[in-house]
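Below is one structure, written out as structure tokens; comments come after it.
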Amino acid sequence: MAEPTCGRARIAVLISGSGTNMAALLYASRQGAPFEIVLVASNDPHAGGLSLAEAEGIPTFSLSHKGMQRAEHDAAMDAAIRKSGAEYVALAGYMRVLSDEMVQRWEGRMLNIHPSLLPKYKGLDPHARALEAGDEVAGASVHLVTTELDGGEVLGRAEVAIMGGDTPETLALRVKIAEHQLYPQVLGAYVSRGSDPDYLLGRLRELALALPEAEEQASHGSPAFKIAGKSGKFFAHFADRHHGAEQIAVLAKTSGQDELADLVERDPGVFFRPAYYHASGWVGITLNRPDCDWDQVQHWLERSWRSVAPKRLTKLRDAADEF
Ligand code: GRF
């Protein structure tokens with residue numbers, strides 16, 4: 001998955017209709033949400049949301065898809081999005097199915113809102129289907145866009161009670177109100193995840209615990225990872241802005257002071273000397289930075305793990321690596 005950036009994330013919103021979700025995102029951005037809308041684009045030059053965006057001083061782009069091949073139209077939309085400097089794309093009632101190429105180009109950076117509690121009722125007419133099924137609760141979901149229609153990871157949901165006498169129209173109206181709360185909140189959290197210690201620890205934990213016989217155990221009050229068992233040694237520490245540092249980081253073992261000094265000198269944007277720990281050769285690897293390289297983090301976790309793991313484990317690992 002692509003990595004988040006720092007500062008306010010730049011968003012392009014794609015619409016085909018009235019654009020009320022786009023408006024919710026725009027007004028949230030003006031109330032301090034961690035993103036800004038840099039473009040509103042549409043496949044329908046008459047989409048109501050375009051004039052709203054224009055009135056609000058947001059750059060717009062429109063190109064009718066009529067008479068165009070899907071790939072050709074997507075490429076033109078993509079060019080406009082890139083020109084705007086957008087880092088993320090928010091689909092908000094964009095009624096065109098996107099080509100696989102377009103979806104793959106924005107993998108991990110394209111979100112959509114769908115008016116059902118996914119995975120229920122993907123595709124068309126979700127309100128009518130919820131009513132027909134006799135559901136008590138409907139709602140909306142924000143999800144990552146993948147090549148499977150409405151099938152990407154669900155990032156957040158809002159539930160809306162179904163009332164006696166609801167029609168698809170009355171239900172849709174209430175679900176919209178919930179959508180307008182949900183989308184800015186989920187998008188804001190998603191673009192900020194790179195400076196969210198819970199998100200960073202979650203990813204780190206997944207990588208660390210995938211190593212053989214690794215277990216988590218707090219050390220000096222912070223999450224840390226060690227080889228299982230009483231005498232098992234620590235191979236990684238999670239440091240959330242320790243001792244006034246700006247970094248949210250993982251600490252890993254280097255081969256010693258020379259390597260530590262070399263790393264910090266060569267790449268100070270990534271490596272730093274962690275308070276206290278540096279004395280015993282630990283290096284800090286910053287996680288809350290734009291485009292954190294998780295392959296590099298994994299590499300260091302493995303190295304650090306190898307430096308403390310018993311031979312029987314490293315041997316098994318070597319054998320596994322040969323396959
Ligand atoms: C919303 O219901 C959204 O969930 C769906 O399309 C509709 C767009 O409405 N994907 P609007 O244009 O934002 O008012």
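Atoms within a ligand are numbered from 1 in the order they appear, just like the ligands themselves.
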- Message: Could you walk me through whether R306 and E302 satisfy the salt bridge (charged side-chain N to carboxylate O under 4.0 Å, His left out) test, starting with their C-alpha distance in whole Å, then the side-chain angles of each, then the deciding distance to 0.1 Å, before giving a yes or no?
- Response: CA-CA 6 Å; R306 278 179 178 278; E302 166 117 20; 3.3 Å; yes
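- For H46, there are no ring pair (Phe, Tyr, Trp, His ring centres under 6.0 Å) partners at least two apart in sequence or on another chain.
- A salt bridge is absent between R30 and E36: the closest approach of a Lys/Arg side-chain nitrogen to an acidic carboxylate oxygen does not fall below 4.0 angstrom.
- Listed by first then second residue, pairs satisfying side chain to side chain donor-acceptor pair (under 3.5 Å) with a partner in residues 207-230 read R205-E216, E213-R312, E215-K226, S222-H242, not counting sequence neighbours.
- H143 pairs by the ring pair (Phe, Tyr, Trp, His ring centres under 6.0 Å) definition with nothing, not counting sequence neighbours.
- Contacts of ligand 1 (protein heavy-atom distance under 4.0 Å) are S18, G19, T20, N21, G93, I113, H114, P115, K176, E179.
- Between D135 and R129 no salt bridge is recorded (no basic side-chain N to carboxylate O distance below 4.0 Å).
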